[in-house]
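When a residue number appears, it is its place in the shown sequence, counting from 1.
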Amino acid sequence: VQLQASGGGLVQPGGSLRLSCAAAGRTFSSYAMGWFRQAPGKEREFVSSITRWDRGTTDYADSVKGRFTISRDNAKNTVYLQMNSLKPEDTAVYYCAAGRLMATATWMVDYWGQGTQVTVSS
């Protein structure tokens with residue numbers, strides 16, 4: 001599956017952004033989807049994931065719980081990450097991920113999209 005992420009940008013602290021990841025292929029709904037991020041000089045880390053089909057089970061890193069929301073629209077082959085109350089420490093390149101498993105670690109991911117830059121700064 002091919003993944004195309006978009007929606008990144010520059011936002012002030014406390015602001016919001018919505019990332020989108022469009023998938024090519026007719027089997028999108030059969031993949032668990034997720035978001036990871038990588039800040040300069042740091043390893044890529046888990047942000048959020050959602051189960052395949054429409055089961056709706058989600059998971060979040062502690063650092064984003066209560067601020068970020070992941071969702072998917074299987075009719076549009078798209079997964080979203082709504083990010084509210086953004087902080088400077090959220091600055092990173094955000095990557096879309098897909099796989100058979102609901103990934104919470106990079107080794108669990110089967111497919112990666114290209115990254116989209118999110119910068120939180122005043």
Any ion pair linking Lys65 and Asp62 (charged N to carboxylate O, less than 4.0 Å)?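 A salt bridge links Asp62 with Lys65.
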Could you pull out the closest heavy-atom pair between [X] and [Y], with the gap in Å?
X: Val93; Y: Gln117; answer: CG2-OE1, 3.2 Å
X: Trp35; Y: Ser20; answer: CH2-O, 3.6 Å
X: Val1; Y: Ala98; answer: CG1-CB, 4.1 Å
X: Val109; Y: Ala103; answer: CG2-CB, 3.8 Å
X: Asp90; Y: Arg67; answer: OD2-NH1, 2.7 Å

Inter-residue atom distance Ser6.OG - Arg18.CZ, 0.5 Å rounding: 9.0 Å
Look up atom CG in Leu101 and atom OG1 in Thr51, then write down how far apart they are to the nearest 0.5 Å.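 Between Leu101 CG and Thr51 OG1, I get 12.0 Å after rounding to 0.5 Å.
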Derivation of the side chain to side chain donor-acceptor pair (under 3.5 Å) call for Tyr31 and Arg52: CA-CA 5 Å; Tyr31 288 98; Arg52 56 184 182 173; over 6 Å; no
Given the rule that I, L, V, M, F, W and Y join up when any side-chain heavy atoms are under 4.5 Å apart, are [X] and [Y] in one cluster?
X: Val47; Y: Met33; value: yes
X: Ile50; Y: Leu19; value: yes
X: Val79; Y: Leu17; value: yes

Strictly by side-chain hydrogen bond (donor to acceptor under 3.5 Å, both in side chains), give each pair with a member in residues 104-115 just once, sequence neighbours left out.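 Listed by first then second residue: Arg100-Asp110.
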Is the backbone of [Y] close enough, under 3.5 Å, to the side chain of [X] for a donor and an acceptor to pair up by distance?
X: Thr78; Y: Ala22; answer: no
X: Ser49; Y: Gly34; answer: no
X: Ser63; Y: Ala61; answer: no
X: Arg44; Y: Gln38; answer: no
X: Thr91; Y: Val120; answer: yes

Could you go through Asn84 and Ser16, starting from their C-alpha distance and side-chain angles, then the distance that decides it, and tell me whether this counts as side chain to side chain donor-acceptor pair (under 3.5 Å)? CA-CA 4 Å; Asn84 298 328; Ser16 298; 2.9 Å; yes
I'd like to know whether CD of Glu43 has more than 12 heavy-atom contacts from other residues, nucleotides or ligands below 6.0 angstrom. no
Any ring pair (Phe, Tyr, Trp, His ring centres under 6.0 Å) involving residues 49-93? Give me the pairs, sequence neighbours left out, ordered by first then second residue. none
What about the rings of Phe36 and Phe46, do their centers lie closer together than 6.0 Å?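 Close enough - the centres of the two rings lie under 6.0 Å apart.
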Side-chain contact test, heavy atoms from C-beta onward, threshold under 4.5 Å: evaluate it for Pro88 versus Pro13 and give yes or no. yes
Heavy-atom side-chain contact between Val118 and Leu10 under 4.5 Å: no
Check against side chain to side chain contact (heavy atoms under 4.5 Å, CB included), Tyr95 and Cys21: CA-CA 9 Å; Tyr95 294 91; Cys21 176; over 6 Å; no
Over-ring placement of Arg72 relative to Phe28, 6.0 Å and 45° cut-offs: yes
